[in-house]
Amino acid sequence: MVKTIWIGDVQSGMYDGQVVELKGWVKRTRGSNKIRFVVLRDSTGTIQCVAKRDVLGDEAFESVKAALIESSIIITGTVNVDERSEGGHELVVSSVEIVGSVNPERPFPITESAMAAADGGETEFLLDNRHLYLRTSRMTTMLKLRSSVFGAIHGYFRNLDFIEYQAPNFVAGAVEGGSTLFEVPYFGRTAYLTQSWQLYAEAAMPALERLYTIAPSFRAEKSRTRRHLTEFWHAEMEVAWASNQEIMTHGEGVVRKIASTLLDERTPELESLGRDLDLVARYADSPYPRMRYDEAVETLQGMGVDVEWGQDLDYSKEKVLTQDFDVPHFLTHYPKIAKPFYHRMDPEDEKYVLCHDLLAPEGYGEIIGGGERTWSEEEILKRLDEEGTPHEAYQFYIDTRSYGGVPHGGFGMGVDRVCSWLTGADHIREVIPFPRDSRRVTP
RNA sequence: GCCGAUUUAGCUUAGCUGGUGGAGCGUGGGACUGUUAAUCCCAAGGUCGAGGGUUCGAGCCCCUCAAUCGGCGCCA
């Protein structure tokens, strides 16, 4: 049952005039009692197949008529160049085999009306039928774009000799705030699903020096926004002997690499989503400015926004700040009080930490958070105590400082957020096959 | 956790000042030899989210609950 011929290649003209066997699924049918048009779909595209009763005979023609939407089918025929067919090619059918039929009492539920109503967004019905919605052209396109994003991230880091490194997903302690941990029963104890690879990456930093991962992270946030998932894909990196500035250079580098890869590999997909290619090209080609937190606060205050020094910048403030940005911007040097214990204090002014957030334009918000880590044992103990965090769960982390601590840092990137931003999606749910949020774990 | 909204056939929806729910898609049957979400004719398919109240009478008015959607906070 090897498949050797792909519809995308047929549409590109590789098989004109030849007899080919196509394997796929019925996307749509139409026609009369003597001639039927079957639009066949596979992972690479669609093609119109023309079935005529006087060529096929009554029995085969009736089976074509009975093939409902999403039946799987093997069609043999001659590739014909014909302007009347979408894509410029059609298959003149000589034989047909229905592989998996569809029961008329339970037809494929995703209809044109369901798709039109969603209009790029997602109705409850489409979320309930996500396993079937994946087959539609919009989801297929998104999944291809997503694959290229993942490939670009791996490519960026591997080109620079980073080592891909895996951390456990069951953990004992928090990275971010403890309130967003998912508890998991663990043989009579409580474990948590990881919020980040970071702490375990820091343990391997003295071994590998340059390391990265793409892995799921879990946060029990009851957020109902277009930017949040409870399970999201987290691209993280950690580098020894690196400053906040160098780490930002990698953040900018990987994001620009993702944008340029999408233009290289997926221009037709971006166009089919209606994405402005000039915007994506700008994100690939332009440098990303860096702005200190203080400057951002002053800018916001100048715009009449009610913001006090020392508070973290929430989404409503980010949105105002980024509305005039035409490329992503880094925000650096946040006040210590707004950030967790592992951020390194700025030696020039201990009110600040050496950190950065990368804010995407067009209202997509934060896509990267990172910075230098506190690396002296003395300082990390002090920061834990300031936060009132008990040391037990973090003893392994403290040990990494006890034995040859060095300056280092890294960042975490929300891969789904990047996908959402670069594809121009309305909601982060659109770019992941089975989205998880506070109200949905099925299908 | 807070604010706002929605819920009518498998899907998408119309439903007027309260008077026994219409349509399109899909499905089934029929017509049609080049269709582009084909077209035309016919049919089946509804305890109007659940419960209670007002009323001679509730899809519509009132109350409670549920589910869902959007936004905020928190973050990537």
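Each chain gets a letter, A, B and so on, in the order the sequences are listed, and its residues count up from 1. Note: hydrogens, waters and symmetry copies are ignored here, and every other heavy atom, side chains too, is used.
- Using cut-offs of 30° and 60° on the angle between ring planes, the pair A:Phe150 and A:Trp233 is perpendicular.
- Nucleic acid contact class of A:Glu90 (heavy atoms, under 4.0 Å, all strands): base.
- Within the 4.0 angstrom heavy-atom criterion, only backbone atoms of the sugar-phosphate kind lie near A:Gly412; the bases stay farther away.
- Checked against A:Ile73 for a side-chain contact (heavy atoms from CB on, under 4.5 Å), the options A:Leu40, A:Val99, A:Val64 give a single hit: A:Leu40.
- Listed in residue order, the members of residues 101-110 of chain A having a heavy atom less than 4.0 Å from RNA chain B are A:Pro104, A:Pro107.
- Ion pairing between A:Glu430 and A:Arg138 holds under the 4.0 Å rule for side-chain N and carboxylate O.
- Within the nucleic acid shown, A:Ser316 comes within 4.0 Å of sugar-phosphate atoms alone, with no base atom in reach, counting heavy atoms only.
- We find that A:Asp294 and A:Arg292 are not joined by a salt bridge, their nearest charged nitrogen and carboxylate oxygen being 4.0 Å or further apart.
- A:Thr230 comes within 4.0 angstrom of nothing in the nucleic acid, heavy atoms only.
- Using a 4.0 Å heavy-atom criterion, one finds that A:Asp312 contacts the sugar-phosphate atoms exclusively.
- Under 3.5 Å, the side chain of A:Arg224 and the base of B:C2 form no donor-acceptor pair of N or O atoms.
- Residue contacts shown for A:Leu229 include a base, since a base heavy atom lies under 4.0 Å away.
- One can find a donor-acceptor pair under 3.5 Å joining the base of B:G73 and the side-chain atoms of A:Ser223.
- Base contact: A:Asn33 has a heavy atom under 4.0 Å from a base atom.
- Remark: ring of A:Tyr315 not stacked against base of B:G73; the cut-offs of centroid gap under 5.5 Å and plane tilt under 30° are not jointly satisfied.
- With respect to the salt-bridge test (charged N to carboxylate O, under 4.0 angstrom), the residues A:Glu70 and A:Arg41 qualify.
- Across B:A5 and B:G10, the matching C1' atoms stand 25 Å from one another, rounded to whole Å.
- Spacing between B:C72 and B:A23 at atom P, rounded to whole Å, works out to 41 Å.
- Among the heavy atoms of the strands lying under 4.0 Å from A:Phe125 are primed sugar atoms or P, OP1, OP2 only; no base atom is included.
- In summary, A:Asp312 and A:Lys317 do not engage in a salt bridge, as defined by a charged side-chain N under 4.0 Å from a carboxylate O.
- As rounded to the nearest Å, B:G15 and B:U20 have C1' atoms that lie 14 Å from one another.
- Nucleotide B:A67 is matched to B:U6 when pairs are restricted to Watson-Crick or G-U wobble geometry with both distances under 3.5 angstrom.
- Minimum atom distance to the side chain of A:Ile428 is reached by B:A76, of the listed B:G34, B:A67, B:A76.
- For the C1' atoms, the distance linking B:G70 with B:C62 amounts to 26 Å, nearest Å.
- Looking at every heavy atom in both residues, A:Trp421 comes nearest to A:Glu362 through NE1-OE2, 3.7 Å.
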